Amino acid sequence: MWRQVTSPRVLRAILPAASFVILLAAIFYVQPRAMSYFGMNLMLQYTVPIALATIAQMFIITVNDLDLSIGAFVGLTACIGATLLADSPLLGVLALLACVGAYAALGALIYWRNLPSIVVTLGMSFVWLGGAVLILPTPGGTAPGWVKAIMGLKTPVVPFPIIATLVIGISVHLVLMRSSYGTVLRGVGGNPRAVKRAGWSLLKAKMVMYAAAGFFGVLSGLSLIGLTSAADAHIADRYTLYAIAGVILGGGEFVGGRVSPIGAIIGALTLALTGSFLTFLRISPDWQIGAQGGILILVLALRALIKRQEG
Amino acid sequence: MTAFKTLSEKPWIWSFLGMIAIWAATAIYTGGKGSADVITAALSFATFTAIVGVGQMFVIATGPGNVDLSIPSTIALSGAVAMKVMDGSNAMLPVGAAASLGCGLAVGVLNYLLIRVLRIPPIIATLSSSFLILSTAIAYGRGLKIKPPPLLAEFTTAQVWGLPVLALFFAVFAFGMSVVLNRTIYGRSVLAIGQNMRAARLAGIKVERTRFLTYALSAVLAATCGFLLAGFSGGASLNMGQEYLLGSIAVVVIGGTSVAGGKANLPGILGASMFMFLLVTMLNTFGASAGVRLVMTGLIIVAVITIAGGEDAQS
C-alpha cells in the first residue's frame, strides 16, 4: 500500500494538489480569519479569470505551441466587453466571435507556414493591445449587468469562485481527457505524424485548439470585468506569465501533449494564493512576482526529483 | 544575373530589403526631409536591439525550445545595479561596468543551472528566473533616479560624421561574433547542437559546456545592453527592457536564423534591427495614433515572419 502511494506516478499526480493544500494550510495558520466564507471569497475571487486564461494557455501548450499574447488578448476582450457588449450587445457578440475566429486563423497560419508560435503570438500581442487601446483609449467603460450578476453570485456554503473553477476544470477535463476527439487533439502534441497517418487533419486540430483558447480568453476577459466592472487595455498584461506558470505548476509538460485541465486550475489557484500569502506575511509586493517564480522553480525541482526515481 | 541569384539566396537579404523599403517610404512621405537624421537615430537604437539579438541568436541556434526570456529583466537589473554602484561618478565607471557584467554572468549561471540540474525546459527556466530577476531589480532599484556618469552618457550618445560611436564599436563586435560563429569550435558546436543534439554529443562535442557558454553569453550581452541603455537614456528604469522581449526574438527570426536551430545568421540581425526601428519611425511620421501604431507593428512583424521565416507546411 505504502509503496503504491510513493510510486513516482502517484507522487507526480498529487504534487500540484499537495502544493496547493500546503499553501492553503500556511495561509490559514498565518491568518485564521481567512478560513471563512467571506475570507475565501475575497482571496479567491480573481482566480476565475486567471483560471480561464490558464485553460486557454493549456490548449495551446497541448499542441506543443506557446501563447505569449493571451494577457493582451484577455485585455482586448475585457475592453470589448466593457464597451461594445454593454452598449450594443449584438455588435459586442460579433466582435468577440471575430476574436475567437482570429485565434483559429492564427492556428491555421502557424500550422500552414510552420511558424514559431512564440514569435507569432508575441507579434499578435501588439495587435491585441493596439485594438484594445483603439476601443478604449483611457481606462473606463462599464461591464454589462448580467456579467456582473454572474460574477457576484452568492452561492450557499461554498464560495462561488471555488464552484466556478471546479465546474470549468471538470468540464474541460471531460472534453479533452475523456472524449475521443480530445484524445486525438492531445495526440497532436504527442506524435503529430502518427495522428496525421491515422487520417486526422492536423490543420483542423490546430484550428480547433486555437479557437478553444480564444473562446476561453474571451470568457476570461468577461469574468474579469465582471469583478472590476471597468476595463483597461493593460488590465490583464500579467496573465500571460500567470497562465504559462499555472499550466506547468499543474503538472503539464511543455511538449508532448501531456496536460491536465484540473491540474492547470489548481496551478492557477496556487499562483493566485501566493499573492495573498505574501500579503499576510507582510512581505513587500516588490517580491511578489519573485516569489511566484520561486514557487514555480520549487515545484519543478520536486518534479525533477520524482522523475529521477521514475527512470 | 548570377549575382542576383546568389544574393537572393542569402537569408539576410530580406531584412535589408525590408529596411530599405521602409526607409524609402518614409523619405518619400516627408519629401526627403531629415532622412539622414532618421538613419542616425535608427543606428543608435538598432544597436541596442542588435546587442541582445546576437545573444538571443546563439541561444535560438542551439535548437528548438531554446529561447532566453530573461533578457528584459536582466537589462533592468543590470541598468539599476550599474547606476547605483556608479552613483553618477566617472571614476566608478569600471566598477559599474564590472558590476553590470557580474549581474549578467550570475543570470547566465542561474539559467543554465535551472536547465541542467532541474531539467526545466529553457523557456520555462528563463521565464521563472526572469520573475526572480525582475523582483530583485524592483526591490533594489525602488525610486532609483540616478543620472549616469557624464562620461558614459557622452560615450553612448557620441557621433562621428553622423554615425553613432556605439554603432561603430558594435560593428567591430558583430564582425568578431560572426567569426566566432563560423570559424571557432564554439560556434560550430552551437550549430551542431542545434541540428542534432544527440549526434553532436556522440561526435564528442562538449554539449553542456557549449550550452552553458551560450546562456552566459546571452545574459552578459543583455547586461551590457542594460548598462549602455541606462547611459544612453539618462538613467535606468525598471521597464526599459520590456520592448526587447519581442525585439530580441523578432530580429533573430526576421534576420534569417532558423527557429528550428542549427542555422544562424548574424548580418541579418543588423538589418532586422534597423528594420524594426524604422518601422516604428515610419508609423510615427505617418501620424498614426498609438493604437493604430501597435496594431500595424504587430501585423507587419507577423507578415514579415510569415514571408521570411516560414517553412513549408509539415508534410
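Quantities reported herein were computed from a predicted structural model and do not represent experimental measurements. Every chain is numbered from 1 and lettered A, B, ... according to where its sequence line falls, protein lines coming before strand lines.
By number of non-hydrogen pairs under 4.5 angstrom with chain B, the leading residue of A/L68, A/L66, A/V127 is A/V127. Highest contact tally toward chain A, considering only B/V292, B/V252, B/I133, B/L294, is held by B/L294 [criterion: heavy-atom pairs under 4.5 Å].
Heavy atoms closer than 4.5 Å to chain B are found in the side chain of A/I244, but not in its backbone. For B/L114, the part lying under 4.5 angstrom from a heavy atom of chain A is the side chain only. Contacts of B/T136 with chain A are made by both backbone and side-chain atoms, with heavy-atom separations under 4.5 Å. Using a 4.5 Å cut-off between heavy atoms, B/I120 contacts chain A through its side chain alone, with no backbone atom that close. Neither the backbone nor the side chain of A/L203 comes within contact range of chain B, judged by heavy atoms closer than 4.5 Å. The contact between B/V67 and chain A is made entirely by side chain atoms (from C-beta outward), counting heavy-atom distances below 4.5 Å.
The nearest pair of heavy atoms linking A/G290 to B/L132 is O-CD2, 3.1 Å. Pairing each heavy atom of B/L127 with each of A/L241, the nearest pair is CD1-CD2, 3.1 Å. Across every non-hydrogen atom of A/V120 and B/V302, the tightest pair is O-CG2, 3.8 Å. The shortest heavy-atom contact between B/V295 and A/G131 is CG2-N, 3.5 Å.
When side chains are defined from C-beta on, A/I118 counts as touching B/I123, because their heavy atoms get closer than 4.5 Å.
One distance of note links OG of A/S69 with CG of B/L246; it measures 11.5 Å at 0.5 Å rounding. To the nearest 0.5 angstrom, B/I300 atom CD1 is 12.5 Å from A/F126 atom CZ. Taking CD of B/Q242 as the reference point, atom CG of A/D237 lies at 8.0 Å (rounded to 0.5 Å). With rounding to the nearest 0.5 Å, the separation of CE in A/M124 from CG in B/L299 is 6.0 Å.
Scanning residues 291-304 of chain A against chain B with a 4.5 Å heavy-atom cutoff picks out A/Q292, A/G293, A/G294, A/L296, A/I297, A/L300, A/A301, A/A304, ordered by number.
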